[in-house]
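Take a look at the structure below.
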Amino acid sequence: MPRQTDPEPLPPQPSGAHRTDIQADPQADRELLPLARRLAPLGRGGAFPLRWSRGDGAAPRLPMVGWFDPGQLIATGFRAAMSAIVGEQSDRRVVQAIAERAADVHDYSTRPGPQGEPVPRDGLWIDYLADTGDGFNPTYACAYLLAQPELTLEAPDGTHHRLPRGDVLVLGGDEVYPAPSREAYQQRLVAPFEAASAGLRADTPPHVFAVPGNHDWYDGLSAFLRLFCSDIGGRGFGAWQTRQTRSYFALRLPGRWWLLGADSQLQGDLDTAQIAFFESVAERQMARGDRVLLCLSTPVWVHAHKYRRMGRVLDETDLLYLRERVFAPRGIELKVYLSGDLHHYRRHEETDPADPGAPVQKITAGGGGAFLHPTHDEDVAVLDEAEDSGAAPGLARRFAMRSAYPSLRRSWWLSFGNLAFGWINPRFGIVPALLYFMTAWLVAAAVGFQRPKGATESILLTTSAFATNPGLTLWVAAVVSAFIGFNTTRSVLYRVLGGLAHAAVHWVCIFHVGWGAIALTGALLPGWGFLQFVAAGALVFAGGWVVGSAVMGLYLLVSLNVFGRHSEEAFSAMRIQDFKNFLRLHVAADGTLTIHPVRIDRVPRRWRDADPSAPGHAGPPDTTDNPATLLPDGPLVTGLIEPPIVLRPGHGGEALV
C-alpha cells in the first residue's frame, strides 16, 4: 500500500489586483457579463428582463391558448404530425404492459376500519373532469369548485342539491394544451390545482386518476407518465394523490360498480394488451351482475355518427368486443360511457332499455377548462349503433340526446363571435397581411408599377400581369392550394369548392386593397416615387391585416352555421372561457348511481388573494372553510345542467331523470 504523504502547501498567493482572480467581487464581475444580463437585477437568476414573469412563486395566470397565432399553428401542427408518425411505430401502452406486471386495480368498495381492517363503504363520491389545462381562469374555476368541501347547486327544476367533495377525481383526457411537457403540465394544470387546494389538509387525501387524450400523447406520453404514473417527484397533485402505474386502470366501487379508465392513444383504439388487462379483471375480480362506467378519451359514439354521414366508417370493434365478448358473457353490464374531447356537455340515453331503471348513458363532458366547442354543429339527436358502428342488429341500441350545454340556440348565437376574429386573434393578421402585400407587390411589379386611372384599367393591368408573368400564376396556384388544404373536411367536393370560394373572396379583397392603396398614395404623394412605394406597401400590409382577418372570421362563421364544417376552428378562434362543466357522481352501497352534471355559466376574470395580509388583497377576510389561496373577485355562476341522472340497482322500476 503506498505511503500517504501530507499534501503540499499551496504556493503564496499574489497580492493586490491579482488577488481578484481567486477572491472575485460579484458586483465588479457583473461588468464582464453581456449587456442584456447586466440589465437584469441581482437575485433574479439572470433572467432576461424583457420576458415578464410574476417572480413570486405564485401560479402563472396564463391566457387561453391562441390557436390561430402563427407560431402556435406551426408548433402544434408539427407536434401532431410527428406524434402521429412516431406513435404508430412506438406504442407506450405495450411498454407499460411489459414493464408493469402488477394489475392496476384499486379497491374503493371498502375503507380502513379502526384496527386497519377493511370495512365496506356506505358510498363514494367521484368527480369527473376532462379537457383541462388551457387558460388559467377556466382551469382554476373548475379546480376551485372541486376543492370546496361542499357545493350547493340549483337544478333547472328548482331543487337544490348538496354535494360533498369527491373522494376520487378522474381526469378524462387532454390534461394540458396545446402540447405536453413538464413545464406545461406544471403551469397550466398542476399550479392551478395546487392554488385551489392549498388549505386542504386531509389525513386521507383524495385520489386522482387520469386518462390520456391525444394532446397528452404528443410527446409519446412521457410527461403524462411522469406526472400520474411515477413515484418520481412524489405522488402529489395539489391536495390529491396519484396512484396509477399505467395509462389505463380499474377501480372497484361500492354497490358492485366498476370504473374503467381506457387509453385509446392517437388512433382511437384499445390495444390488445389493454383489452387483455380488462379481460383479466373481468375474469378474476368481477362477478355476474356487476356494472361498469367506462371512461374514454373520445366520444366514439358521436364521431362514428359523424363519419357515417361523411360516407366513412369509424372502427369500434375494440369497444364492441369489450362489451359483447368480455363483459356480456360474464353477466357484466356496461352502463355508462364517459368522455371528454368535445368541450361541451351532451348526454345520450338508451331509448328502449332492457332495464328501465338504469338505461345506458353516453355522456360527453369535456368542459374542464379548454375552449368551448359548439353543440349545434352536428345533428346528433338520435344515434343508432347498428348504422354508426356496424354492430349486429340484435346487439345494437338506439340513443336519444336528452341534454346539451350550452343549448343549441345559445351555441348558434355564440358562433357570431367570429365576426370579431381579428380582434380576438390579432397575431393571425400577419398571415393575410403578408399574403396581400406579396400578391400586390408581384402584380404591381409585373406591370411596371403603373397607376391605373379607373376600375376598368385596374382589371386590364391585373389581367396583363398574369398573362406576362408565369411566376405570379404559380404563386396564386400555391396559395389556392393552401386554402384548399386548410379546409380539412372529409368531403373532397366541399374541400375544393370551399377552399376555392375562400380564396376567391381574398383575391377580390387583394384587388381592391392593392389598387386602392396605389391610387391613394399616388394622389397624396405625387412625384414621390420611393415614398409612394413605401406608403402603398404599408397600406396594403395594414389592409391585409384587418380585411384578411375579417374574411377569415366570416368564412368560419358561414362554414359552421351554413354547412356544418370547421366547428373546431370556428370555436377555438373565439377562445370562449365560459360554459364549463364537470360531473359529480355518487355511488351508494345499494348500487344506486347518481350523476350530477355541474355547470359554470361564467368564469371569473379576476381573483383576489384569500390571505388578508397578502399584498394586493381586496375585500374582507374569508371566513369559510375554503382551501383555495385565490377567491373569485367576479361572478362565478354555477348550477346543475339538468336534474340528477339516477340509475337504480337491479331490474325494473322507473328511471328518474
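Just so we're clear, the structure is a prediction, and the values are computed from it rather than from any experiment.
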For residues [X] and [Y], establish whether the separation of their ring centroids is below 6.0 Å.
X: His215; Y: Phe224; answer: no
X: Phe193; Y: Phe237; answer: yes
X: Phe582; Y: Tyr128; answer: no
X: His343; Y: Phe571; answer: no

Would you say the side chains of [X] and [Y] form a donor-acceptor pair under 3.5 Å?
X: Tyr345; Y: Glu642; result: yes
X: Thr242; Y: Arg235; result: yes
X: Gln148; Y: Arg165; result: no
X: Thr159; Y: His161; result: yes
X: His348; Y: Tyr337; result: no
X: Trp257; Y: Asp290; result: no
X: Ser297; Y: Ser264; result: yes

salt_bridge(Arg599, Asp601) N-O dist < 4.0 Å: yes
Should the ring pair His344 and His373 be called parallel, tilted or perpendicular, given that the plane angle runs from 0 to 90° and is split at 30 and 60? perpendicular
Sub-3.5 Å donor-acceptor pair from the side chain of [X] to the main-chain atoms of [Y], do we have one?
X: Glu350; Y: Val360; value: yes
X: Asp131; Y: Ala370; value: no
X: Thr132; Y: Gly369; value: no
X: Arg188; Y: Asp134; value: yes
X: Gln244; Y: Ala210; value: yes
X: Ser280; Y: Ala276; value: no
X: Tyr177; Y: Phe371; value: no
X: Arg162; Y: Glu150; value: no
X: Arg288; Y: Pro329; value: yes
X: Ser109; Y: Pro254; value: no

Are [X] and [Y] side-chain neighbours, meaning at least one heavy-atom pair lies under 4.5 Å?
X: Ile595; Y: Leu585; result: yes
X: Arg243; Y: Phe249; result: no
X: Tyr140; Y: Arg61; result: no
X: Glu183; Y: Tyr185; result: no

Sole residue of Arg252, Arg121, His207 in side chain to side chain donor-acceptor pair (under 3.5 Å) with Tyr108: His207
How far apart are the closest heavy atoms of Pro138 and Gly135, and which atoms are they? CD-O, 3.5 Å
Residues that Pro604 engages under side chain to side chain contact (heavy atoms under 4.5 Å, CB included), provided they are two or more places apart: Ala141, Trp607, Pro632, Leu636
Report, as yes or no, whether the 6.0 Å neighbourhood of atom CG on Asp352 holds more than 12 heavy atoms from other residues, nucleotides or ligands. no
Check Asp263, Leu225, Asp174, Leu171 against Pro212 for a side-chain contact (heavy atoms from CB on, under 4.5 Å) and give me the one that passes. Asp263
Nearest 0.5 Å, please: how far is CD in Glu349 from OG in Ser403? 11.0 Å
